[in-house]
Amino acid sequence: MAASGLLLLTSCTKSTDLYDPTNVEPQTPVTPTPSEPSNDISANVQKVFGVTFDPNHDWSSTVNGQVKIIANSTIKKVQVLVCVSEIGEEGETVTSMRILNEAELNGETTITLYYDAPKDNLGIYVAFINGSKQIFKKVEGNTVNIADAAKTRGEDWELPEALGLTLPTGEFTIAGSIDSYASQRGWVPGEQLYYMNDYSAQKMEPTEYTSEFAALFRNIIFSYFQNKKENLPLVKRSGYYNEKAYPFTTGNEPIIISPVYKCDGSLKTTTGYGYEIYNSDLYYYYFDENDSEYQANPVEFLKKLPKYKAIQFKDLYIEKEDDVLDKRGSYALIYWGEGKPEEGTIGTYKFPAGLKIGFMVRANTSFVENGKARKQGELYGDGRLNNEINNYSECNFKSSKLGTDGPRLAYLSLNERKFMCWESGTDSDFNDIIIEIESGLNVPEVPIEPEYNTYTYCFEDTELGDYDLNDVVIKAVRTNETTVTYSIVACGAYDEIYIMNINTGLSSKEVHSLFGVTDTKTFINTEKGGTTYSAYTVTKTVDKNFSIADPNTAPYINDATNNVKIELSKRGEDPHGIMIPNDFKYPLEKVCIKDAYLEFNNWGQSSVTSTDWYKKPVSGKVYE
């Protein structure tokens, strides 16, 4: 027996005739009989890592399971998802929702899906899908029924009383107007922003979210529109932005909106940037898209429309608070008729059907930098109206990642609720202000579309290895019940290497040749600044109960040069083969994994410690 604490090296035990490309590859490889590691292998493990690993470590970061899903006849597809925490680009903690498995129902109402999830997950969810409509439910136990999901909107959720709201009574009149910043700066001469005297009288007391829905809201919306991440591509992918970002009035119910979330990062700076959301107001405008002036020149027509204040955010929030999810007030928009209103104009809650509604946030902070007011200006949902503000050198909105005509508003749907998601600053994460549209507007379903989870297999090909674990790197994605896509992305081995247990066609091809390389002494996608090679991708049909993490069904490699077989490491072995349940940034050539991930050794010594080690790469030591 080797010295206490050193690991058995079963996956790298030398044997003969392990590779024969003429043989048909078995679906379930025969696992070698465990044997004692030689003294030089044990000494090398100790030398490279400098610590003693837990002799009972199984090197697994995943948990597998199954969930019975009970749907109804309207549901066409179901997905199992996982919510995980990640480290953002600026070191902040963000959440991410990923698809683990999915299935088309084809008339079925009950199905069982199998999954492999990260051990340190924040919850398993099921999505019930019918076209663009989705309903999410967290898995508690092993069964999820759509009847128990927090379905909170339907055809009967239209009138104020159904929403638990009481419309304000009395007359509401235009009290006056102010010049817009765009008018003051000469961009839209004479543009007026209209307001009422008393906005507190417009506020209705809403029904707060349940704790279940609040948790769902945070986990799903903020995994899609992640903090500090440039989410403009997601907004544009929906197709519902700029000229298409105008919902229609239904004409049947009052238009009711409820701010539910605000975060401007005010508590993370000494200045608070003037507490930009607290000092902002929401405005709206409306028009008939059939108007000949609109059709002739839409942008100029929209600039000239009167804009009406709907909400003062200071009526809802405390100045020095942040990251607030709380429905504190609901407001009904008022129809002021056509054309520019006079002071004293009386409005009504009744909008004509078929008008388009647009929204704008007016930033009006006192934040001054280098003697200049930096947080003042009108920010439109329709990016075509943001050209001037996004290019204005006197205002810090010029630093926005939205470009010259980037939208400030995105729409999302969650469990039959519709939300406006605003970018009020410059980082384009679209989660600074979130407002629920309760009724009165025909807003299309804009689904939240998580990405599939990626799993990464990393192998060390030599017995006395340097443990950079990039000698073969394979990424896997499960796209449905019976399909897994494997992508071979890197090869840091000098030997003749073959990948087994995916399909027989792949097992007969030397790894370097998959990238069009004939010289096995070539590093592929493991060196900084080296040639970038495209991944080699194949698909595999699997059983419905297939597990990506199962060593018996996972890929393994054969080193034909040294007649060595390397599988995923099992309990009591050293980490010659590991599978990480995310899109792992593997170490650069000759960089030991303990140096690329400083918490790897902690995890190696105790499997319940530093379980998120693989989320914390050292800059400059991993392949980007």
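- Contact annotation: the side chain of V235 approaches that of F430 to within less than 4.5 Å [non-hydrogen atoms, C-beta and beyond].
- Pairing each heavy atom of N56 with each of R571, the nearest pair is O-NH1, 2.7 Å.
- A cation-pi arrangement, defined by a distance under 6.0 Å to the six-membered ring centre and an angle within 45 degrees of its axis, is absent between R417 and Y209.
- Contact detail for F459 and L568: the closest heavy-atom pair is CE2-N, 4.1 Å.
- Residues C458 and Y614 are not in side-chain contact: their nearest non-hydrogen atoms beyond the backbone lie 4.5 Å or more apart.
- Other residues, nucleotides and ligands place no more than 12 heavy atoms under 6.0 Å from the NZ atom of K544.
- Using a 4.0 Å cut-off between a side-chain N of Lys or Arg and a carboxylate O of Asp or Glu, K137 and E212 qualify as a salt bridge.
- Looking only at side-chain heavy atoms (C-beta outward), S85 and K615 come within less than 4.5 Å of each other.
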- For I129 and Q79, what are the C-alpha separation, side-chain angles and deciding distance, and is it a side-chain contact (heavy atoms from CB on, under 4.5 Å)? CA-CA 8 Å; I129 301 171; Q79 296 173 331; 3.6 Å; yes
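- For the residue pair Y467 and D574, a side-chain donor N or O sits within less than 3.5 Å of a side-chain acceptor on the partner.
- Checked against the 6.0 Å centroid threshold, F222 and Y261 count as a close aromatic pair.
- Ring-centre distance between F584 and Y597: below the 6.0 Å cut-off.
- Taking 4.5 Å as the limit, every side-chain heavy atom of D595 sits out of range of all side-chain heavy atoms of P587.
- Looking at T522, its side chain does come within 3.5 Å of a backbone N or O of D519 through a donor-acceptor pair.
- For S487 and T537, the side-chain atoms include at least one donor-acceptor pair closer than 3.5 Å.
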- In sequence, state the C-alpha distance, the side-chain angles, and the governing distance for K68 and T110, and then conclude on side-chain contact (heavy atoms from CB on, under 4.5 Å). CA-CA 7 Å; K68 180 180 179 182; T110 302; 3.7 Å; yes
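- At a threshold of 4.5 Å between non-hydrogen side-chain atoms, the residues Y533 and C491 do not count as touching.
- Rounded to the nearest 0.5 Å, atoms CD1 (I474) and CD1 (I499) are 4.0 Å apart.
- Just one residue in the list V80, I75, T143, L105 forms a side-chain contact (heavy atoms from CB on, under 4.5 Å) with I69, and that residue is V80.
- Remark: side-chain polar atoms of R218 are not paired, donor with acceptor, to backbone N or O of I221 under 3.5 angstrom.
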- Task: Step by step, work out the side-chain contact (heavy atoms from CB on, under 4.5 Å) result for T52 and Q605.
- Result: CA-CA 7 Å; T52 299; Q605 293 173 93; over 6 Å; no
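- Looking only at distances, no side-chain donor or acceptor of E589 sits under 3.5 Å from a matching main-chain atom of E527.
- Remark: D427 CG to L232 CG distance equals 12.0 Å, nearest 0.5 Å.
- Not one N or O on the side chain of N64 forms a donor-acceptor pair closer than 3.5 Å with the backbone of Y114.
- When the options N558, D559, I557 are evaluated for a side-chain contact (heavy atoms from CB on, under 4.5 Å) with D495, the one that passes is D559.
- Around atom CD of E451, no more than 12 heavy atoms belonging to other residues, nucleotides or ligands sit under 6.0 Å away.
- Residues K138 and V144 come closest through the heavy atom pair O-CG2, 4.2 Å.
- Note that CE of M97 and CD1 of I220 are 4.0 Å apart. Values are rounded to the nearest 0.5 Å.
- At distances below 3.5 Å, at least one donor-acceptor pair connects side-chain atoms of E460 with backbone N or O atoms of D466.
- Paired with K475 under the rule side chain to side chain donor-acceptor pair (under 3.5 Å), one option of D583, T485, T454 passes, and it is D583.
- In this model, no donor atom of one side chain and acceptor atom of the other lie less than 3.5 Å apart for N525 and Y586.
- Aromatic pair F128/F136: centroids not less than 6.0 angstrom apart.
- Of the inter-residue distances, the one linking K229 atom NZ with Y224 atom OH reads 10.0 Å to the nearest 0.5 angstrom.
- In terms of heavy-atom proximity, I497 sits nearest to D461 at CD1-OD2, 4.0 Å.
- Between T456 and N582, the closest heavy-atom pair is OG1-O, 2.7 Å.
- Between the N431 side chain and the C421 main chain, no donor and acceptor come within less than 3.5 Å of each other.
- The two residues L325 and A214 come nearest to each other via the heavy atoms CD2-O, 3.6 Å.
- The SG atom of C83 sits 8.0 Å away from the CG atom of N121 when rounded to the nearest 0.5 Å.
- Of the possible polar contacts, none joining the S547 side chain to the D116 backbone as a donor-acceptor pair under 3.5 Å is found.
- Between Q134 and I448 the shortest side-chain heavy-atom distance falls below 4.5 Å.
- Looking at heavy atoms from C-beta onward, D612 lies in side-chain contact with E599 at the 4.5 angstrom threshold.
- Looking at H512, its side chain never comes within 3.5 Å of a backbone N or O of K521 through a donor-acceptor pair.
- A donor-acceptor pair under 3.5 Å is absent between the side-chain atoms of N480 and the main chain of A103, judged by distance alone.
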- Verdict with reasoning, Y452 to I99, per side-chain contact (heavy atoms from CB on, under 4.5 Å): CA-CA 4 Å; Y452 293 98; I99 302 168; 3.7 Å; yes
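- Rounding to the nearest 0.5 angstrom, the gap separating the CD atom in Q46 from the CZ atom in F53 is 9.0 Å.
- Of the charged side-chain nitrogens involved, at least one lies within less than 4.0 Å of a carboxylate oxygen, so that E624 and K585 count as a salt-bridged pair.
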- List the steps, then state whether side chain to side chain donor-acceptor pair (under 3.5 Å) holds for N453 with Y115. CA-CA 11 Å; N453 191 60; Y115 63 85; over 6 Å; no
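- Within the 4.5 Å cutoff, side-chain heavy atoms of D322 are placed close to those of D264.
- Exactly one of T483, V484, T482, T541 qualifies for a side-chain contact (heavy atoms from CB on, under 4.5 Å) with F546. That residue is V484.
- At distances below 3.5 Å, not a single donor-acceptor pair connects side-chain atoms of S606 with backbone N or O atoms of W603.
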